[in-house]
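In listed order, ligands and their atoms are each counted from 1.
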Amino acid sequence: MAVTRTFSIIKPDATRRNLTGAVTKMLEDAGLRVVASKRIRMSREQAEGFYAVHKERPFFGELCEFMTSGPVVVQVLEGEDAVKRNRDVMGATNPANAEPGTIRKELAESIEANTVHGSDSDENAKIEIAFFFSPGEIVG
Ligand code: CMP
């Protein structure tokens, strides 16, 4: 299995509850390594750009509002089959449907305040990583 990278966001509901470490531990325990990390307050422009694929969805405005409501931690994660590994440990988008032991089942508040984002493909991981990080900020 190839070692690959994925992009993760620890969302405002988690930073508000001081869960940055708890989330990161679950990622690390799942075999992922944090090779870049920074705590930022996303601008409205960044949130709208990052989630542009969802701009026609009814929840787009609220999603951007939520993602700019507090600090987030953007991370690059590395590991074997990182995109799938991260999605497995995150659990389903809606915590009500997530498996026990996953981040969203254990920690998320709602489908919107769902604690973490993770890339859904290797192709999108590359795009999302480049949205927030320059190559020199990633140290594997
Ligand atoms: P994320 O993986 O960050 O990608 C898009 C986000 O939109 C998703 O996680 C959820 O937080 C949010 N989302 C998806 N569906 C809904 C919904 N029906 N209502 C509110 N937010 C949603």
Side-chain angles (χ1 to χ4, degrees):
M1 193 75 68
V3 172
T4 58
R5 288 176 175 173
T6 191
F7 175 74
S8 170
I9 306 176
I10 302 177
K11 296 188 179 185
D13 65 285
T15 60
R16 174 170 47 76
R17 289 176 289 153
N18 206 22
L19 294 174
T20 297
V23 171
T24 301
K25 176 157 174 43
M26 290 176 84
L27 297 171
E28 290 177 342
D29 287 348
L32 293 159
R33 178 179 294 269
V34 180
V35 294
S37 183
K38 57 188 171 190
R39 184 176 173 104
I40 60 167
R41 181 78 180 251
M42 251 191 231
S43 66
R44 182 81 190 195
E45 201 176 23
Q46 277 177 311
E48 288 179 357
F50 182 77
Y51 281 120
V53 64
H54 295 303
K55 68 174 181 295
E56 305 304 333
R57 309 284 282 272
F59 56 82
F60 181 68
E62 279 178 20
L63 174 62
C64 293
E65 197 66 35
F66 169 64
M67 292 301 290
T68 57
S69 68
V72 300
V73 179
V74 291
Q75 296 178 319
V76 181
L77 308 176
E78 191 175 85
E80 287 189 359
D81 205 4
V83 168
K84 181 178 187 304
R85 194 175 281 268
N86 186 38
R87 291 181 74 76
D88 286 349
V89 70
M90 284 196 302
T93 304
N94 186 346
N97 303 327
E99 293 294 325
T102 61
I103 293 170
R104 285 166 170 164
K105 186 64 172 189
E106 303 306 325
L107 301 176
E109 296 182 319
S110 67
I111 192 169
E112 178 180 84
N114 66 353
T115 305
V116 278
H117 164 84
S119 308
D120 63 5
S121 66
D122 286 343
E123 189 190 1
N124 282 336
K126 287 193 177 71
I127 294 167
E128 292 178 358
I129 289 169
F131 195 90
F132 286 103
F133 291 97
S134 59
E137 292 178 303
I138 304 168
V139 183

#### Entry: Short N-O contact, Lys25 and Asp29, less than 4.0 angstrom
yes
Straight-line distance of [X] [atom1] to [Y] [atom2], nearest 0.5 Å:
X: Phe50; Y: Ile9; atom1: CZ; atom2: CD1; result: 4.0 Å
X: Ile103; Y: Ile10; atom1: CD1; atom2: CD1; result: 8.0 Å
X: Leu63; Y: Ile111; atom1: CG; atom2: CD1; result: 10.5 Å

Output block, N or O contacts of ligand 1, threshold 3.5 Å exclusive:
residue  : atom   : partner : partner atom : Å
ligand 1 : 2 (O)  : His117  : ND1          : 3.1
ligand 1 : 3 (O)  : Lys11   : NZ           : 2.7
ligand 1 : 3 (O)  : Tyr51   : OH           : 2.6
ligand 1 : 3 (O)  : His117  : ND1          : 3.1
ligand 1 : 9 (O)  : Lys11   : NZ           : 3.1
ligand 1 : 9 (O)  : Asn114  : ND2          : 3.4
ligand 1 : 11 (O) : Lys11   : NZ           : 3.1
ligand 1 : 11 (O) : Ile111  : O            : 3.0
ligand 1 : 11 (O) : Glu112  : O            : 3.3
ligand 1 : 11 (O) : Asn114  : OD1          : 3.3
ligand 1 : 11 (O) : Asn114  : ND2          : 3.4

### Heavy-atom closest contact (Gln46 atom, Phe132 atom, distance)
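Nearest pair, atom of Gln46 first, then Phe132: NE2-CE2, 3.8 Å.
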Which pairs of donor and acceptor atoms, one on a side chain in residues 69-78, lie under 3.5 Å apart (sequence neighbours left out)?
residue : atom : partner : partner atom : Å
Ser69   : OG   : Phe66   : O            : 2.6
Glu78   : OE2  : Arg5    : NE           : 2.9
Glu78   : OE2  : Arg5    : NH2          : 3.1

